[in-house]
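Reviewing the structure listed below.
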Amino acid sequence: MAKKRVTLVQVAKDAGVSPATVSHFLNGNFQKMGAETKEKISLSINKLGYQVNPVAKSLITGRMHTIGLVLSDSTYDGDGYFEDLYFLHFAKVIKQQLKALGYKIILLDFEEIFMNIQMVDGIIVKATLDTEKFMPKLMDLNVPVITVGRHNLSYGAHVLRVNDYQSGQTGVNHLLSRGYDKLVILTYPHGHVPGFDDRLNGASETLQQNGKLPTVITGDMTETFGYDTVMNLAKSNQLPQALFCLNDISAIGALKACKDLNLAVPDQLAVLGVDDMPTVSELLSLSTIRHPINELAEAASKLMIESIETDGQRLDPVEEVFPTELMVRRTS
């Protein structure tokens with residue numbers, strides 16, 4: 001026989017308070033509630049095993065306590081964002097942060113978000129050329145929107161991003177300081193991901209300031225792209241002294257090619273990435289530009305809840321830029 005569900009009224013009776021007081025407690029309305037009352041309600045909830053009915057709660061609060069995490073899956077083939085370890089770690093930290101605040105996340109693509117907008121209280125989007133196409137329509141949905149990274153235009157969304165221009169500057173300065181004069185930069189085609197354009201601009205302008213012209217190879221920035229690039233350069237006897245990959249994923253592919261070609265790293269080819277993917281980059285001893293992914297996720301969680309819980313008053317758009325950090329390891 002199924003165990004009978006504990007009701008809010010039973011919790012109120014056990015705690016010696018009114019059902020309305022329990023409701024205020026569950027919805028975080030503590031302004032007129034003493035510490036002793038909160039403690040009694042909390043003890044009763046734990047003792048009776050009371051579980052909040054999310055549907056009933058959403059009817060009362062007008063909120064689903066769910067955030068949509070949106071990433072265009074055209075960045076890779078098929079459902080390739082599940083292969084993006086940087087994105088997956090970001091999603092993991094976001095989930096942990098929101099859970100502590102009483103919210104959960106769901107992964108949605110753009111077609112799903114417009115079909116299921118009633119399921120979410122806010123939206124977090126990874127900024128790419130593909131996601132930018134949907135931003136005007138997204139901003140009409142009347143829910144808070146945060147972009148991780150910048151789009152080419154401002155749409156009134158909150159923007160949390162790293163200093164990508166600084167990433168390019170730092171990377172080139174590091175490689176030049178190590179005596180690598182012949183550099184090749186790997187990045188997306190121009191306009192595909194605005195943040196990568198910023199990285200390339202920082203790298204190119206730093207090279208030009210040092211009297212050098214940038215050599216750039218563009219592609220989808222996957223592991224395969226990094227691998228094929230090194231193989232093709234080696235085959236045509238055009239290997240540079242250093243490869244500056246503007247993400248870690250392509251850098252990992254480059255390292256795999258070096259292994260297959262028996263190229264000594266960094267003596268025959270130095271490799272530098274960008275991101276510092278948790279665990280993976282360190283295990284491979286990859287030199288890289290660390291982006292503060294944990295801080296980004298924590299800031300996104302906090303800003304999203306602030307934007308939702310404003311009693312109908314829309315927050316002015318926020319833009320926060322996070323610094324990067326050079327992580328020198330074995331590959332440079």
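Since the model is a prediction, treat every value here as computed from it, not as a measurement. Values below: every heavy atom of this structure, side chains too, minus hydrogens, waters and symmetry copies.
- In the hydrophobic clustering of this structure, I308 groups with I124; members are Ile, Leu, Val, Met, Phe, Trp, Tyr whose side-chain heavy atoms approach within less than 4.5 Å, directly or through other members.
- Residue-environment remark: CD (E282) stays at or below the threshold of 12 foreign heavy atoms within 6.0 Å.
- When all heavy atoms of F244 and G273 are compared, the closest pair comes out as CE1-O, 4.1 Å.
- For the pair S236 (side chain) and L233 (backbone), a donor-acceptor distance under 3.5 Å is present.
- Counting heavy atoms from C-beta outward, M231 and L261 have side chains that approach closer than 4.5 Å.
- Between P194 and A127, the closest heavy-atom pair is CD-O, 4.4 Å.
- Salt bridge present: D276 and R329 bring a charged side-chain N and a carboxylate O closer than 4.0 Å.
- In this structure, NE2 in H65 is found 7.0 Å from CG in D121, a value given to the nearest 0.5 Å.
- Other residues, nucleotides and ligands place no more than 12 heavy atoms under 6.0 Å from the CG atom of L213.
- The line from CE of M221 to CG of L246 is 5.0 Å long, rounded to the nearest 0.5 Å.
- Closest approach of G226 and L186 over heavy atoms only: CA-CD2, 4.2 Å.
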N247/S250 under side chain to side chain donor-acceptor pair (under 3.5 Å): CA gap, chis, key distance, verdict: CA-CA 6 Å; N247 69 1; S250 59; 2.6 Å; yes
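- Y103 has its side chain within reach of I305: a pair of non-hydrogen atoms, C-beta onward, lies under 4.5 Å apart.
- Tracing side-chain contacts under 4.5 Å through hydrophobic residues (I, L, V, M, F, W, Y), one reaches M119 starting from L138; they form part of the same cluster.
- Cluster membership for L255 and I217, using ILVMFWY side-chain heavy atoms within less than 4.5 angstrom, is shared.
- If you check the side chains of H158 and T147, you find no donor sitting under 3.5 Å from an acceptor.
- The two residues G219 and P189 come nearest to each other via the heavy atoms O-CD, 3.4 Å.
- In terms of the side chain to side chain donor-acceptor pair (under 3.5 Å) criterion, residue partners of S44 (sequence neighbours excluded) are, by chain and number, D14.
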CA sep, side-chain torsions, deciding dist, call: K137, F114, side-chain contact (heavy atoms from CB on, under 4.5 Å): CA-CA 9 Å; K137 187 176 178 182; F114 292 118; 3.6 Å; yes
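- Residues P323 and P292 come closest through the heavy atom pair O-CD, 3.4 Å.
- For the pair I146/V125, no side-chain contact is recorded, criterion being any heavy-atom separation below 4.5 Å from C-beta on.
- The neighbour count for D140 CG, taken as heavy atoms of other residues, nucleotides or ligands under 6.0 Å away, is above 12.
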Evaluation steps, salt bridge (charged side-chain N to carboxylate O under 4.0 Å, His left out), between R161 and D164: CA-CA 8 Å; R161 63 182 181 88; D164 285 299; 5.5 Å; no
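- Closest non-hydrogen pair, A157 versus M135, comes out as CB-CE, 4.0 Å.
- Between I105 and T66 the shortest side-chain heavy-atom distance does not fall below 4.5 Å.
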side-chain contact (heavy atoms from CB on, under 4.5 Å) between E325 and M327, intermediate numbers included: CA-CA 6 Å; E325 180 184 1; M327 307 302 296; 3.9 Å; yes
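- If you take CG on D275 and CZ on R290, they are separated by 11.5 Å, rounding to the nearest 0.5 Å.
- When atom types are taken as modelled, the side chain of S285 and the backbone of R330 share a donor-acceptor pair closer than 3.5 angstrom.
- R199 places no side-chain N or O within 3.5 Å of a backbone atom of N163 that could act as its donor or acceptor partner.
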Steps toward side-chain contact (heavy atoms from CB on, under 4.5 Å) verdict (R150, N152): CA-CA 7 Å; R150 70 169 185 87; N152 287 302; 4.0 Å; yes
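- Two different hydrophobic clusters hold L48 and L43 under the rule that ILVMFWY side chains link at heavy-atom gaps under 4.5 Å.
- Cluster annotation: M33 and V17 are assigned to the same hydrophobic cluster (Ile/Leu/Val/Met/Phe/Trp/Tyr, side-chain heavy-atom contacts under 4.5 Å, transitive).
- For the pair L69 and I106, the minimum side-chain heavy-atom distance is 4.5 Å or more.
- Listed for the N262 side chain is no donor-acceptor partner under 3.5 Å among the backbone atoms of C258.
- Side chain of Q241 to main chain of K182: a donor-acceptor pair is present (N/O by atom type, distance under 3.5 Å, no hydrogens or angles).
- Test T128, D220, T187, D130 against H192 for side chain to side chain contact (heavy atoms under 4.5 Å, CB included) and you get one pass: D130.
- With values rounded to the nearest 0.5 angstrom, L272 atom CG is found 9.5 Å from L243 atom CG.
- Contact of the S287 side chain with the V271 side chain is not registered, since no non-hydrogen atoms from C-beta on lie closer than 4.5 Å.
- A search for ring pair (Phe, Tyr, Trp, His ring centres under 6.0 Å) contacts involving F196 returns Y188, not counting sequence neighbours.
- Counting non-hydrogen atoms of neighbouring residues, nucleotides and ligands closer than 6.0 angstrom, the NZ atom of K13 reaches no more than 12 such neighbours.
- Side-chain polar atoms of D248 and S281 form a donor-acceptor pair below 3.5 angstrom.
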All N/O donor-acceptor pairs, side-chain side in residues 170-179, below 3.5 Å, sequence neighbours left out:
residue	atom	partner	partner atom	Å
T170	OG1	Q166	O	2.8
N173	ND2	Q169	O	3.2
H174	NE2	S332	OG	2.7
S177	OG	N173	O	3.4
S177	OG	H174	O	2.6
R178	NH1	S332	O	3.1

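- Taking 4.5 Å as the limit, every side-chain heavy atom of V120 sits out of range of all side-chain heavy atoms of I67.
- Contact annotation: the side chain of L183 never approaches that of P240 to less than 4.5 Å [non-hydrogen atoms, C-beta and beyond].
- The CE atom of M277 lies 11.5 Å from the NE2 atom of H89; values are rounded to the nearest 0.5 Å.
- Taking OH of Y227 as the start and CG of N232 as the end, the distance is 10.5 Å to the nearest 0.5 Å.
- Put simply, the side chain of E132 gets close to the backbone of L153: a donor and an acceptor are under 3.5 Å apart.
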side-chain contact (heavy atoms from CB on, under 4.5 Å) assessment of F90 paired with K126: CA-CA 11 Å; F90 176 83; K126 183 176 180 180; over 6 Å; no
